[in-house]
Every structure is written in C-alpha cells, then in structure tokens.
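I have placed the structure first, in the form of structure tokens, so that the comments after it can refer back to it.
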Amino acid sequence: MQQDDVLSFELGEMTLAELGRRMASGELSSRRATELYLGRIEALDGRVRSMLETNPDALEIADALDRERRSGAARGPLHGVPIVIKDNIDTHDAMTTTAGSLALEGSKPLRDSTVAAGLRAAGAVILGKANLSEWANFRSNRSSSGWSGRGGQCRNPYVLSRSPWGSSSGSGVAAAASFCGAAIGTETDGSIVCPSTVNGLVGIKPTVGLVSRAGIVPISRSQDTAGPMARTVGDVAAVLGAITTADPRDPATVGRPSGLPDDYLAFLDRGALRRARLGINRKRFGFHSKVDALMETAIEALRSSGAEIVDDLELDTPKELRDSEYEVLLYEFKTGLREYFSALGPDAPVRSLADLIAFNHRHGDREMPFFGQETFHAAQEKGTLEDPAYVEALETSRRLAGAEGIDRLMDEHRLDAIVSPTGGPAWTIDLVNGDHFSGGSSTMAAVAGYPHITVPAGQLHELPVGISFFGRAWSEGKLISIAYAYEQATQHRRAPRFLASIPS
C-alpha cells in the first residue's frame, strides 16, 4: 500500500455519526464497512501489529445487523459499527481472551464480559481483539509498552519507530489508523489516556463503577475500568453510553448514584466553555518545553472560548501516594487474577499467579526475551485483602488522591475541571531498557477513581500530544461538554502517515 492509499482510505477519519447516516441512507452497509476495515487491517497492520485476531464471524454479524436496519429496527448510534476491543476483555465467541499472554493462548471464556454484551446489545460489530502491553503492563518495571508474547511489539502509526504507550496500545493504534470505528481500552493508571494522547485520539477513563469490569482480566478492583478510545469526542460519547450499566457481577457499579445518564451524546455542547471554570495544574508542566508551549496555546484557546481560567494550581503526586498505590495494586492483582482464572472454569490453563509465574519460567525464551516478571514476584509475596498493610495503603491512596487531592482543589477554587498535559510525545521503542517516560497526569484521577478525558492538542515533529480534563466522580457529562467545546474550537486531530522515522 502506497502513502496515498494510507491517507485516502474510504472510511478514514469518518465519525460514527457519519457512518450511521450513510448506513441509514443505504449508501453504506455494515457489511461493506466491516469489509473495508478488515481490508485495511490486512493491508497495514503488519506495520504496526495492533491486532491479535479478527472476528471470523464479523461479516455474518454485520449481515444480520443490516437485515435489522432494513426492517426498521436500528438500535442506535452504534448499529452496524465495527469496534475493536482490547484482548483482556472477555468475549464468548470464536475469539480468545489472553491479555496478550501465551499462558492463556486458546482460552475462551464461558460468557461475554458485560462490556462486550453491551456493545452487542447496542448493535456494534466486535471486529477483533487488539494487542496490548501484556497483562496490561503489570509484569515488569522494564517493559516496553505495546509488547506481548502473543503479538510482539505494537508500533505507533504516526512514526513507526515510536512507542504506542500504555497497555491499551493496540486499541489506540487501531482507532488512530482507522482500522475500526472506535476501540475499547482499559485503564488502571494511564492505560486509556496515555495511548490516546500519543495516537492522536480522544480517550475517556470513566469513574470507577460507571462501566462494569465483569469479564475483564484484572489488575485492581479499586482502579480498573474500561473506556472508549476514538477519533472525536462525539465518538467516545456514543460508545460510552453503550457500555455504562449497573451490573451485579461488579459490586462497584451497584452503589453508584441514581439518575446517571445513559446518553452522553446529549452533552456535546459547543458553548460549554462559556460556563466553565477551569484550573490549570502547573505541577504537571515543565517536563518538555515544547509540550508546555502547546499547553499555553491550548489555555489561550480555552480562555478565548469563554472559559474562566484559574492558573498556577498545584496538584502534585506525592511519593506517599505513588508508594501506596503500588502496594494496593500488588495485593489486588494477586487476588483478582485468582478470581478471574476461577471464572474460566475447570479447563483454565492456569489457576493462580504462581502458575503464571511458573509458565513464564518454562517458556522464558518466548515470554521473557526482553524483560522479566519482577512485578509478578512482588505481587505473589503479598497476602490477602484483609492484611492491615493493604487496608492502610488503600485508605492512604484514596485520601491523598480524592478528598485531599482533586476534591480539595476543586472545592477551594470552585472548579468544573482540572487541566494539564496528558503526556509528552511518544519516545523511541527500546526493548532493551524499556519505556522512557517523560511526564503525564494520569495518576491522581486513576487512584481516586475519577473520570479523565484527553483530547488532541497538537503535534511535535509529527507526534501527537493531548490535553487532559479531569474532575469529580461521575462528572463524565461535564467533562465531555468541556472537551467537545475545546475540540470544536481547535480541531487538532490529524490522521497518521505511518512514517518510518521523524522527518529531518
């Protein structure tokens, strides 16, 4: 495929709303859209390795949805839309769910995850499973984002030598490269917003409890969530509405407030910034001068669109918070993984974290050619969730990130959202030394369990950079309004060009 073909794809950059309009008019069918996306994956994914498998039943599903539409029974904005999901999200179909690991190769869950079931109910075509940082990047502190034993190294479609960042790397690349209408990622701390920022996407990490985690390979019961990744704010709003539900399989969703919306498209308001009071978190600036310059331009765009700017706020991520978060994740990973393996039934290929560690040792040439599993070993040494050390760490994390962190700052300054750079431009892939983090702003919202949305804010040397808006629990609607108004005022999204290197 030549460079012109990369950029001239028939469905390239097409929004879900436009896909829906074309399907409603008969100009496009779900089958045709599915064929086009599958063809693009076949032609281009060898360059980026974003996909682990495609759904062999996708065309049959699309045909059935086309018949429904012709009968007048379209289900909503996702009807017939092909969507890619991360390979730690269970589907009970012809595909497997492996978290990228050879230890789960061939594993077929006994039922759909609640997220997959919600997508199907909304009429989406689950097109395939995306590559990811194996075990959602919770195996080693020297890992390379986007590498898995099953899929190898996923690459950034903007510049192929660069990292796709974060564990939802394949989801980010697939959405950015127009391999699908939208994608689903998961986040514990950064794994939706980070791959979204470096892949030029909008990504939203919802409040923990808005989206069920049932049937998702876990790291943390207190921080994990799934969320949409797509090319526009409108697209993530459409997908978010399809996957939010109270679910008895996930206790975090049961105690949520009543009256939460199930249609986030209603929050797409171009004038939202005229009513917004935004705090600029300067503590997350300063790691890259050119990122700072982009953020200053973004702040001026927010102000010009009517936002009231409260500058020079300081929301730091103290060492005590980082240490307590890691302690919580180690405990919860060990417990959660055992529960997930148990739900696979008697034929589960591994039954515990100890089994997984042993498998990786036996297959080290394929599973650990570049980095080890020291995080697994650290988690294996932990006890149960009744241990005082865990209980104390969890209380510390929630207090510092929530009541004494985001909530305190928003109360003091009467804010609608906090603003900061999502992260820096993608670094060069380094399988020897691992990731080269520069800066970012995911941790406070992640640990508090609060919502966080990132939107494209420009590019540095062909590499996208995003701006973050985060705030109180359950404020997804407000954040979507703010993000949409910023997006419409700036229009920074650019399609990737699959460049081999940074142009000189």
Side-chain angles (χ1 to χ4, degrees), residues 1 5-6 8-46 48-87 89-98 106 108-109 111-113 115-131 150-151 170-171 173-184 228-231 235 238-239 242-243:
M1 182 173 281
D5 298 320
V6 169
S8 63
F9 176 52
E10 182 178 339
L11 304 182
E13 300 298 294
M14 190 174 291
T15 65
L16 301 192
E18 180 62 20
L19 278 171
R21 283 192 291 269
R22 293 193 182 195
M23 289 181 192
S25 71
E27 181 182 351
L28 181 70
S29 66
S30 178
R31 182 184 180 89
R32 179 58 180 156
T34 302
E35 288 174 336
L36 287 168
Y37 285 129
L38 288 172
R40 187 164 170 86
I41 290 169
E42 183 176 2
L44 286 175
D45 193 53
V48 292
R49 302 178 80 164
S50 70
M51 300 296 298
L52 291 180
E53 58 186 304
T54 55
N55 188 349
D57 299 322
L59 292 176
E60 181 181 342
I61 294 167
D63 285 338
L65 291 165
D66 284 334
R67 289 193 294 271
E68 279 190 26
R69 185 182 290 277
R70 288 193 296 270
S71 73
R75 305 182 194 185
L78 297 192
H79 190 101
V81 173
I83 289 181
V84 162
I85 67 175
K86 188 176 178 179
D87 183 47
I89 302 174
D90 285 355
T91 55
H92 181 59
D93 54 17
M95 295 185 290
T96 60
T97 304
T98 69
K108 293 190 175 183
R111 61 187 296 187
D112 268 344
S113 61
V115 165
L119 291 172
R120 294 192 207 277
V125 178
I126 299 180
L127 190 65
K129 294 291 188 75
N131 198 2
R150 279 192 68 202
S171 298
V173 172
S178 293
F179 291 167
C180 53
I184 303 291
M229 305 166 70
R231 295 176 290 273
D235 289 352
V239 177
I243 61 173

Rounded to the nearest 0.5 Å, what separates atom [atom1] in [X] from atom [atom2] in [Y]?
{"X": "L127", "Y": "I41", "atom1": "CG", "atom2": "CD1", "answer": "4.5 Å"}
{"X": "L11", "Y": "C180", "atom1": "CG", "atom2": "SG", "answer": "11.0 Å"}
{"X": "S29", "Y": "D63", "atom1": "OG", "atom2": "CG", "answer": "8.0 Å"}
{"X": "T97", "Y": "K129", "atom1": "OG1", "atom2": "NZ", "answer": "3.0 Å"}
{"X": "S171", "Y": "M51", "atom1": "OG", "atom2": "CE", "answer": "8.5 Å"}
{"X": "L28", "Y": "E10", "atom1": "CG", "atom2": "CD", "answer": "7.0 Å"}

What pair of heavy atoms forms the shortest contact from [X] to [Y], and how long is it?
{"X": "M23", "Y": "A33", "value": "CE-CB, 4.1 Å"}
{"X": "R22", "Y": "S25", "value": "O-OG, 3.0 Å"}
{"X": "L78", "Y": "A242", "value": "CD1-CB, 3.5 Å"}

Exercise. Step by step, work out the side-chain contact (heavy atoms from CB on, under 4.5 Å) result for M14 and L36.
Key: CA-CA 12 Å; M14 190 174 291; L36 287 168; over 6 Å; no

Close side-chain approach of [X] and [Y], heavy atoms under 4.5 Å:
{"X": "S113", "Y": "I89", "answer": "yes"}
{"X": "R69", "Y": "H79", "answer": "yes"}
{"X": "R75", "Y": "L65", "answer": "yes"}
{"X": "V48", "Y": "F179", "answer": "yes"}
{"X": "T34", "Y": "I61", "answer": "no"}

Quiz prompt | Evaluation steps, side chain to side chain donor-acceptor pair (under 3.5 Å), between S50 and D45 | solution = CA-CA 6 Å; S50 70; D45 193 53; 2.7 Å; yes

Could you check whether any side-chain N or O of [X] sits under 3.5 Å from a backbone N or O of [Y], counting only pairs where one atom can act as donor and the other as acceptor?
{"X": "S178", "Y": "E13", "value": "yes"}
{"X": "N55", "Y": "I126", "value": "yes"}
{"X": "R31", "Y": "A62", "value": "no"}
{"X": "N131", "Y": "G170", "value": "no"}
{"X": "R111", "Y": "H92", "value": "no"}
{"X": "T96", "Y": "T98", "value": "no"}

Quiz prompt | Stepwise side-chain contact (heavy atoms from CB on, under 4.5 Å) check, L119 with I85 | solution = CA-CA 10 Å; L119 291 172; I85 67 175; 3.8 Å; yes

Quiz item: Do other residues, nucleotides or ligands put more than 12 heavy atoms under 6.0 Å from E42 CD?
Solution: no

Practice problem: Please indicate whether E18 has more than 12 foreign heavy atoms, meaning atoms of other residues, nucleotides or ligands, lying under 6.0 Å from its CD. | Solution: yes

